[in-house]
Each structure stands twice: as C-alpha cells, then as structure tokens.
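This report refers to the structure that appears directly beneath it.
Convention: sequence-line order gives letters A, B, ...; per-chain numbering from 1.
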There are 2 protein chains.
Amino acid sequence: MNKLSYGLLSLLSTEPMTGYDLTLKINLFWRSTHSAIYPLLSELEEEGIIELTLIKQNGKPDKKLYHLTKKGEELLYQWVTSETSDAVVRDEMTLKLYCLKCMNMDAADKLLGELETKYKRKVEKYRNAIDKLKSRSEEYSEDIPPSLFGAYILTQKALNEALLGQKWCEWVRDLYAKKDISFLTEDFN
Amino acid sequence: MNKLSYGLLSLLSTEPMTGYDLTLKINLFWRSTHSAIYPLLSELEEEGIIELTLIKQNGKPDKKLYHLTKKGEELLYQWVTSETSDAVVRDEMTLKLYCLKCMNMDAADKLLGELETKYKRKVEKYRNAIDKLKSRSEEYSEDIPPSLFGAYILTQKALNEALLGQKWCEWVRDLYAKKDISFLTEDFN
DNA sequence: TATGACATGTAACATGTTACATGATTCT
DNA sequence: AGAATCATGTAACATGTTACATGTCATA
C-alpha cells in the first residue's frame, strides 16, 4: 500500500469509478498517470480491497467499474487516522525563480509572464470547477452535499492559492523594478 | 540533466557550496536527499559543468566545495529561458482531506488539528528565515541584496501560503460544523 | 482527414527513498 | 552516555515517466 493506493481508495469512497476516471480525478490533487494506476488497481483487487463490475461496451474496451469492499473501507479509515507525511513538492518554476537575480530583464520578464499565465489559467479552471460543483448541489436543493464536500474544499484551496500567486507575482515585479540598476551593474561585473 | 541537476546549478549560482549545504538548502524549495545529490554532483563535475575545491578538515571527511564553470553558467541560462514544466505535487494530507466527509467528527477534528499545527510551524520557520535574511542585508546597509533576492521572494511566497492555509483551515472548520447533523445521519445509514 | 476523448494495458528506463557505512565533535 | 551536526558515499529497492500497443466514435 503506497500513498497513491490510498488516494485511489479516497476517490472510490465517494462513488464507483473506472481507472480512466480515477486517472483524471486524482490529477486535480496528486500527480500521476494511467500507467501507474492500472497495475495498482489490479493489485488492490487481488487483495480484496476493491472489487470490480464489468460493463460491456461496443468499440471501446470493457469498463471496469471499481468500488470499495468492507476491507477497503477499514483500510481507508486506518490510514486517515494515522500520521500524515510531509508533502512532496517539486516545482521547476521555483528553482528558476531562485535565479531571477542572475537573469537579465528580458528573461526575468518572460519568466514572470509565464508564471502569471499559469496562475490565470488555474484561476479560471478552479472557478469553473466550483461553479460546476455548486450547480450540481442545486439539483438536490441543498448547499454542497457531503459527497462533494472534499472536492469542494480542496478546489477552493487551490483557487485561493492561485489568486495568492497572482498577487505575489505583482509584488515581485514591483520589487524587481526597484532594483533595476543594482541588477544591471551586477550583470557587468 | 534532470530537473534536480538544474536546481543544484541554481543554488550554486549564488555561492560555492558543498553537497551537504546543497542538500539542506534545496529542501526549502525542492524535496530531495543527499543520496540523490552526491552522485549527480559527481556527474556534473565529470562533464565540466561544475568544478570542486578540496578543503581539508580533521576528523570529518574533506569538504568538496563546488562552483559553476562557464559551461555551467551557459547551461543554467538556457534552462531558465526554456519552457517550464508543471509542478509535481504529492501531498498525502490533500488525499485525506478529500475523505473528510466520510470521517467521524473526532477523526476530522484530529486531521484538521494536525494540518493547523503544520501550518503554524511553517509560519514560524519562514518568519525566522525572513528575519535572518533581513539581518544579513543590514550588515551591508542595503535592503535585500541581489544574491539573496531569490531566497527572499521564495521564502515570502512560502510564508504567504502557510498563512493562507491557516485561514483555510478555519473556513473548513466552520463549514464542517454547520454540516454536523447531515454528516452524522450519513454515518448511520 | 486529423485530432482528441474514451478505455485498458505492458515494458523499458529514469528517478527517488531507505538503509547501510564511517567517524569526529558538540550539545543535552 | 546518547543524540545531533557535520560530511561523504554506495546498494537495494520502490516508484514514476515515457513510449509502445490497440481500436472506436465524435468533433473540427
């Protein structure tokens, strides 16, 4: 049981899903690919942690709709209540930003522009996702129903962070602009 | 040249460092361990991207103080101006939070408490780091000097995010409290 | 007519983590 | 006396990424 396995169980705790669905959904919160997920699903099934229902389709391969077993639910509970390890973050952009000081203005401008574009796209993406969640809620004439609670709070978190990122970019631009002259002199020493 | 290699070059662009120093410093922005870093440094040195100065010590192993070569600086510039890949984020806490809805109140409370503690520690850590950077700046009677610019803006970013995280936790607690009854009924159906 | 979504899987390779290995000095 | 810091390295194992493999349907 590695962390990705528990992630799959987490998603399956809301509703039965296929490997394909899981691949798409988990990527909102956890970087992975189908090549890592399909083999794990097979293992989890062999160990009786999840079960599958075959759904025949024409043209496409048969769907394997997975759901948690009792054993899977128990495992999930144990994991949720155990110690949580630190986040693994590997962001190439961060490493590049560290070098802002040794870049000329064009390069620095380009990099910050790239980052701002990324944040802008994220803001759109997460706003859309929240709108979608809210419209799904209205169908049941409630506010966010329990089954969507996790997705809702995490999407809101991601949106907060993207908005904060945008502000940070502006702050850095201002700082950088003030330092113009000292940077240039460093460049030629 | 993988991303970690470029990360090492980024850090070395500020000042010469040993593998030991690099391991500590890069972990502020990029998860890694010395076991991954030492072999990479050897490779980079073989390819003439970095060079080392041996510093003899008694008791401890000799220090290998690495610095960028001309070739290394050129590589660094090329990388910084090339396309940046998306961040890899794997946060176990996020996966657990997704399941908040299927947890009883005690478990949910414990998890949020754990997260709040983590954010609190981060806030302290990054505030200290910023204070230290500022005091180092005053020695040179400037504001943040160019060589510390990258570390300064990235630490500020990390601090912003930790503070935001704290607020988010409060928001989630409120939301969760409002939903108390519906959650409990779900628990027993 | 070409791209993308749907849907599953394997294989080769790259990367990351943990444990092992050594050893002096300083702090508790 | 024992743990933490400094300082480097290797080996075994776990995990992640990319490319290969197949095939239909809908959209641009």
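Each end of the helix from C:dT1-D:dA28 to C:dT28-D:dA1 gets its own rotation axis from five pairs of C1' atoms, and the angle between them is 50° to the nearest 10 degrees.
In this structure, B:Leu41 places its CG atom 13 Å from C1' of D:dA7, rounding to the nearest Å. Protein atom CZ of A:Arg90 is 10 Å distant from nucleotide atom C1' of D:dG16, rounded to whole Å. Per the geometry, NZ belonging to B:Lys25 stands 13 Å off P belonging to D:dC6, to the nearest Å. Atom CE of B:Met1 is separated from atom P of C:dT15 by 11 Å (rounded to the nearest Å). Straight-line distance from the CG atom of A:Asn27 to the P atom of D:dG16: 12 Å, rounded to whole Å. Put simply, CG on B:Leu40 is 8 Å from P on C:dT15, counting in whole angstrom units. Rounded to whole Å, atom P of C:dT17 lies 14 Å from atom CD of B:Glu92. The CG atom of B:Leu8 sits 14 Å away from the C1' atom of C:dT15 (whole-angstrom rounding).
Between B:Glu116 and B:Arg173 there is a salt bridge, since at least one side-chain N of the basic residue sits less than 4.0 Å from a carboxylate O of the acidic one. By the 4.0 Å N-to-carboxylate-O rule, A:Glu161 lies close enough to A:Lys157 to be salt-bridged with it. Salt-bridge annotation for A:Lys25 and A:Glu15: present, with a side-chain N of the basic residue lying under 4.0 Å from a carboxylate O of the acidic one.
Set against C:dT17, D:dG16, D:dT17, the side chain of A:Leu4 has D:dG16 as its closest nucleotide.
Within the 4.0 Å cut-off from OP1 or OP2 of D:dT17, at least one side-chain nitrogen or oxygen of A:Arg31 is found.
Between the A:Glu92 side chain and the B:Ser85 main chain, a donor and an acceptor come within less than 3.5 Å of each other. Checked by atom type and distance alone, the side chain of B:Glu51 never pairs as donor or acceptor with a backbone atom of B:Glu45 at under 3.5 Å. Side chain of A:Thr69 to main chain of A:Ile49: a donor-acceptor pair is present (N/O by atom type, distance under 3.5 Å, no hydrogens or angles). Although no hydrogens or angles enter the test, the distance criterion places a donor-acceptor pair under 3.5 Å between the side chain of A:Lys96 and the main chain of B:Trp79.
A heavy-atom distance below 4.5 Å is found between the side chains of A:Leu28 and A:Lys125.
Note: A:Asp109 CG to A:Leu100 CG = 10.0 Å, rounded to the nearest 0.5 Å.
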Query - Nucleic acid footprint by protein, nucleotides 6-14 of chain C - heavy-atom cut-off 4.0 Å, B for base, S for sugar-phosphate alone - result: BBBBBB---

